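Remarks on the structure that follows.
FYI, side chains are in, hydrogens and waters are out, and symmetry mates aren't considered; it's all heavy atoms of this structure. The structure presented is a predicted model; accordingly, all values stated were derived computationally and were not measured. In listed order, ligands and their atoms are each counted from 1.
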Amino acid sequence: MSYAAITGWGKCMPPAILSNADLATFLDTTDDWIVSRTGMRERRISHVPATDMAAVASARALACAGLAAGDLQLIVYGSCSYDEQVPNSASGVQVILGAHNAGAMDVNTACTSFLYGLSSATALIRTGVVKNALVIGVELISPYMDWDNRNVSVLFGDGAAAVVLQASDEKLGVLAEHLGCYADARQTLRVRGMGCAYANRGVRYGDTRWDFDGQEIFKKAVKGMCQASDIALQKAGLTPTDIDLLVPHQANLRIIESVAKYAKIPMEKAVLTVERYGNMSAATVPVALVEALEEGRVKPGATLLTPGFGGGLTLCSHVIRWGSRVTPLGASSVDLPPLTTTALELVNGYRAERARRSESEAGLQAPVFAEAAARPPASAA
Ligand code: UT7
């Protein structure tokens, strides 16, 4: 059985920066609170659709691998942000890339979507179904963020990255992983207002209410990422001392520090983007991986550990072995269209639209939101 080596990588970070000071212009919050509780100083707000960010990251990953789009056999779009429910988003990226010979699927496990997608694509390569795959981690949260809820709106940002996997006889790529889910606690992280439960029931799309039990999620995130890493390392026959680089999900600097401490992996080995990008959900791990490569932190033959956690509450950790090449074979000239507005203007546009609707449609959504909140978690949308 062959392995699935990572041979290409690329990211696409939208240029508009939303700082903690920007957030404090409309929220009862401070730079000090956000930095001390989360480690975040700024995040990015996209001025383009999610598939456009994903396509730029993907074109860069394909160029890096030296793989023509027409030779691609599978596209996995890992995300909980879809431009549309149907058709799927992977097919949208496929059209932009011109990857006419690829299969295309979306994977949604919230913040772990890229990592679950990596497992899916790796398994399909290892079993010979496809010879290569593009795995994308992308998130466009800003349009459906409840911006006036400080419990969540300071935490998240937009971004995208992608990797190319290719069949290899060498023992490379994902060596072992553990996938899990604390489903009993799924209601602790929930975006109400999007999904069939709300369709044609008086809720305007994107007019969301976020349920977010931060402390509970925090505890479960640390536990889940630690347990998943233990199991993945055990399956790979390795110990934490074998890990050269920790590339964790970036939901909170304190979570990363706790996971590193538990695993006895020094923080110098951790790749951190949380300060500059916040929590980009599915995009955090691949963006951190791409930046580690750009900074020369991934050495030939390196062993990486990538613990992740997200809505569901899904959890996972992957042990990844890098190949001999740590530099791109080529570069792509594609880029996002120029920015014509600031991040704060984009956010204030979303806020104004929500305010306008809630004034003109006061009370319209209340019954269906109350009903959804009361519904037992097991049958919730
Ligand atoms: O990627 C998906 C996984 N997500 C996560 O893993 C996130 C996990 N949770 C967390 O990272 C943390 O729980 C948070 C960063 C969300 C919150 O930090 P915390 O230390 O757990 O704070 P807290 O929720 O206990 O709130 C402490 C205080 C409260 O005030 P009182 O009740 O002590 O007066 C909050 O109302 O901080 C207040 N607060 C804020 N103050 C200023 C909550 N949000 C803010 C804010 N600015 N943005």
Determine the interplanar angle of the Phe212 and Phe156 rings, folded into 0 to 90°, and report it as parallel if under 30°, tilted if 30 to 60°, perpendicular if over 60°.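 Because their plane-to-plane angle is over 60°, the rings of Phe212 and Phe156 count as perpendicular.
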Which label fits Trp147 and Phe26: parallel for a plane angle under 30°, tilted from 30 to 60°, or perpendicular past 60°?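 Trp147 and Phe26: perpendicular rings.
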I need the atoms of ligand 1 closer than 4.0 Å to a non-hydrogen atom of [X], numbered in the order shown.
X: Asn151; answer: 43 (C), 44 (N)
X: Thr38; answer: 15 (C)
X: Val154; answer: 48 (N)
X: Ile217; answer: 3 (C), 4 (N), 5 (C), 6 (O)

Among protein heavy atoms, which sits nearest to [atom], and what does the distance come to when rounded to 0.1 Å?
atom: atom 29 (C) of ligand 1; result: Arg150 NH2, 4.9 Å
atom: atom 47 (N) of ligand 1; result: Thr29 OG1, 2.6 Å
atom: atom 23 (P) of ligand 1; result: Gln215 NE2, 3.8 Å
atom: atom 14 (C) of ligand 1; result: Asn252 ND2, 4.5 Å
atom: atom 6 (O) of ligand 1; result: Ile255 CD1, 3.3 Å
atom: atom 22 (O) of ligand 1; result: Arg37 NH1, 3.3 Å
atom: atom 2 (C) of ligand 1; result: Cys111 SG, 3.5 Å
atom: atom 7 (C) of ligand 1; result: Phe212 CZ, 3.7 Å

Hey, are the side chains of Leu74 and Asn132 touching, using non-hydrogen atoms and a 4.5 Å cut-off?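 Side chain of Leu74 against side chain of Asn132, heavy atoms only: no contact under 4.5 Å found.
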Report yes if some heavy atom in the side chain of Tyr350 is under 4.5 Å from a heavy atom in the side chain of Met145; otherwise report no.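 Counting from C-beta outward, Tyr350 and Met145 never come under 4.5 Å.
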I'd like to know if [X] and [Y] make a salt bridge, using a cut-off of under 4.0 Å between side-chain N and carboxylate O.
X: Asp213; Y: Arg190; value: no
X: Asp211; Y: Arg192; value: yes
X: Arg351; Y: Asp148; value: yes
X: Glu291; Y: Arg297; value: no

Mind checking whether Ile34 contacts ligand 1 via backbone (N, CA, C, O), side chain (CB onward), both or neither, at a 4.0 Å heavy-atom cut-off?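 No part of Ile34 is near ligand 1 at this cut-off.
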Select one of side chain, backbone, both or neither to describe which atoms of Trp33 lie under 4.0 Å from any atom of ligand 1, heavy atoms only.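 Answer for Trp33: side chain.
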How about [atom]: does it have a protein heavy atom within less than 4.0 Å?
atom: atom 10 (C) of ligand 1; answer: yes
atom: atom 34 (O) of ligand 1; answer: no
atom: atom 31 (P) of ligand 1; answer: no
atom: atom 20 (O) of ligand 1; answer: yes

Give a yes-or-no answer on whether the side chains of [X] and [Y] include a donor-acceptor pair shorter than 3.5 Å.
X: Ser281; Y: Glu139; value: yes
X: Arg150; Y: Thr29; value: no
X: Thr25; Y: Asp22; value: no

With Lys223 as the cation and Tyr182 as the aromatic partner, state whether NZ or CZ is under 6.0 Å from the six-membered ring centre and within 45° of the axis.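 Checked: cation-pi criterion met.
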I want to confirm something. Looking only at heavy atoms, which of Gly214, Gly312, Gly278 is nearest to atom 8 (C) of ligand 1?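 Minimum heavy-atom distance to atom 8 (C) of ligand 1 goes to Gly214.
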Is it true that Arg254 lies under 4.0 Å from ligand 1, counting heavy atoms only? yes
